[in-house]
Amino acid sequence: MIWSLIVGAIIGAIAGAITNEGESMGWISNIIAGLVGSAIGQGLLGHWGPSLAGMAIIPSIIGAVILVLIISMIFGSQVKR
């Protein structure tokens, strides 16, 4: 379980860096984005590529990027109002 949280945090941090939203996300947000993004990515793209802690890395990162972009669009538009 601890290993899954660590891998989820790393995936979330990578997704934040790719989307340039990494500075505004904390570690808890990175973990949530990594774990939920992993589920989304593996659900959409399947389990291929290298995996750590039961998470396929490449689909997980893609899913986390999608999640971070969607969340930034929703909350980013509310901040600008």
Over all atoms of both residues, closest heavy-atom pair of Ile31 and Ala9
CG1-CB, 3.5 Å

Let me confirm one number: the CD1-CD1 distance from Ile10 to Ile61, rounded to the nearest 0.5 Å.
10.0 Å

So, for Ile11 and Gly34, which heavy atoms are closest and what is the spacing to 0.1 Å?
CG2-CA, 4.0 Å

How many angstroms lie between CG in Leu69 and CD1 in Ile74, if you round to the nearest 0.5 Å?
11.0 Å

Look up atom CD1 in Ile28 and atom CG in Leu5, then write down how far apart they are to the nearest 0.5 Å.
11.0 Å

As a test of understanding, state which of Ile70, Leu35, Leu67, Leu45 forms a side chain to side chain contact (heavy atoms under 4.5 Å, CB included) with Ile40.
Leu67

Looking only at heavy atoms, what is the nearest atom pair of Ala33 and Val68, with distance?
CB-CG2, 4.1 Å

Determine the minimum heavy-atom distance between Ala56 and Gln42, stating which atoms define it.
N-NE2, 3.4 Å

Might you point out which heavy atoms bring Met55 and Ser38 nearest each other, and give the distance in Å?
CG-OG, 3.3 Å

